[in-house]
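First comes the structure, then the notes that go with it.
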Protein chains: 2
Amino acid sequence: MPRASSLSQFTWLALANPTRRSILERLSHGEARVTELARPYSMSLNAVSKHIRVLERARLIRRRRAGRDHFLSFNPDPLTSAAAWIAAQRFLWMSRLDALDALLQAEDAATPKSNKRKDKSR
Amino acid sequence: MPRASSLSQFTWLALANPTRRSILERLSHGEARVTELARPYSMSLNAVSKHIRVLERARLIRRRRAGRDHFLSFNPDPLTSAAAWIAAQRFLWMSRLDALDALLQAEDAATPKSNKRKDKSR
DNA sequence: ACTATATTCAACCTTAAGGTTGAATATGCC
DNA sequence: GGCATATTCAACCTTAAGGTTGAATATAGT
């Protein structure tokens with residue numbers, strides 16, 4: 001039973017929710033307090049506080065306490081592995097297509113002359 | 001109430017599950033039938049069938065019917081917008097850091113002269 | 001000390017996610 | 001036709017996700 005990219009599990013989970021992605025978008029412009037973050041949404045402050053905890057667990061945001069205010073800031077590091085995963089899958093798919101292409105080209109090259117040598121140019 | 005990247009909603013949801021990511025990894029090497037896909041996992045065939053439907057809804061995989069066999073193939077297109085979102089957030093964060101850096105540098109340049117004029121360059 | 005503000009904690013509710021099992025459907029093979 | 005194989009459909013169960021409300025905690029301001 002294979003397990004995929006186990007460490008960044010929390011990252012994908014955190015990114016699955018539109019509100020949380022929206023929060024990250026906000027924070028990518030600079031840090032903000034919890035109340036500030038919550039203001040644009042129609043949900044309760046507590047709900048946003050929960051979203052923040054999920055993002056924190058995924059280490060996508062960091063918290064700096066200054067008195068009663070908690071300042072949240074964006075940490076893009078975990079996004080790196082997510083982006084890498086995506087890039088890898090796209091690469092694998094493309095290279096598989098290229099291999100197929102090369103195979104077909106080789107067969108095309110082999111048939112016209114009825115000359116059955118292998119294609120050495122690639 | 002802002003809504004983030006609403007169209008690719010299904011993409012993020014589909015990617016949130018490790019089994020589904022694992023299925024995508026398998027399919028990035030080439031197409032496979034449902035039973036083949038399900039074999040490595042300890043869960044039931046039906047469970048995998050459900051995961052496949054989720055991936056299909058996100059248009060991350062395509063289905064080609066050949067008799068009783070259904071061949072699934074990877075479609076990397078939706079990954080593009082996900083990757084773009086990640087890239088955008090990282091870019092915004094970096095450029096914000098750069099702006100901050102420039103600001104500090106400007107202040108450094110202003111102070112040594114003990115010249116207390118207001119910073120008009122912002 | 002008192003009151004207002006910022007944030008979390010705890011208990012609860014509703015719904016959807018992920019899984020199971022058993023039956024239905026469609027195709028392939030003899 | 002009859003039987004095996006490939007896949008989905010439908011009904012159900014369990015748990016976690018996302019939300020609410022009300023109280024607790026901590027700090028700020030006067």
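Note that the structure is a prediction, hence the values are computed from the model and not measured. Every heavy atom of this structure was used, including side-chain atoms; hydrogens, water molecules and symmetry mates were not. Just so it is clear: chains get the letters A, B, ... in the order the sequence lines come, proteins before strands, and each one is counted from 1.
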Exercise. Is the backbone N or O of B/R62 less than 3.5 Å from a side-chain atom of B/N75, with the two atoms forming a donor-acceptor pair by type?
Worked result: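 Checked: no pair found.
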Of the options [options], whose atoms approach the side-chain atoms of [X] most closely?
| X | options | value |
| --- | --- | --- |
| B/S44 | C/dT7, C/dT20, D/dT7 | C/dT20 |
| B/K50 | C/dG19, C/dT20, D/dG18 | C/dG19 |
| B/N17 | C/dT20, D/dT7, C/dG18 | C/dG18 |

Output the rounded distance in Å from [atom1] ([X]) to [atom2] ([N]).
| X | N | atom1 | atom2 | result |
| --- | --- | --- | --- | --- |
| B/L45 | D/dT5 | CG | P | 14 Å |
| B/W12 | D/dA17 | CH2 | P | 18 Å |
| B/I52 | C/dG18 | CD1 | P | 14 Å |
| A/R33 | D/dA28 | CZ | P | 13 Å |
| B/R20 | C/dA17 | CZ | C1' | 8 Å |
| B/F71 | D/dT7 | CZ | P | 8 Å |
| A/R53 | D/dA16 | CZ | P | 15 Å |
| B/E56 | D/dC9 | CD | C1' | 15 Å |

Exercise. Out of curiosity, B/M94 CE to A/S28 OG, how far, rounded to the nearest 0.5 Å?
Worked result: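 Taking CE in B/M94 and OG in A/S28, the distance rounds to 11.0 Å.
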For this session: First locate atom CD1 of A/I61, then atom CG of A/L27, and finally report the distance between them rounded to the nearest 0.5 Å.
Result: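 One finds 6.0 Å between CD1 of A/I61 and CG of A/L27.
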Exercise. Where each residue is assigned the nucleotide of DNA chain D containing its nearest heavy atom, which of A/A66 and A/A47 is assigned the position nearer the 5′ end?
Worked result: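 Residue closer to the 5' terminus by nearest nucleotide: A/A47.
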Exercise. Can you name the one residue among A/L55, A/I23, A/L79 that meets side chain to side chain contact (heavy atoms under 4.5 Å, CB included) with A/F74?
Worked result: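 That would be A/L79.
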Exercise. Does A/H51 place a side-chain N or O at less than 4.0 Å from the phosphate oxygens OP1/OP2 of D/dG19?
Worked result: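 For D/dG19, OP1 or OP2 has a side-chain N or O of A/H51 closer than 4.0 Å.
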Any N or O donor-acceptor pair under 3.5 Å from the base of [N] to the side chain of [X]?
| X | N | value |
| --- | --- | --- |
| B/R68 | D/dT5 | yes |
| A/N46 | D/dG18 | no |
| A/D69 | D/dT27 | no |

Exercise. When the ring planes of B/W12 and A/W12 are compared, do they come out parallel, tilted or perpendicular, using 30° and 60° as the limits?
Worked result: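 Tilted, since the angle between the ring planes falls between 30° and 60°.
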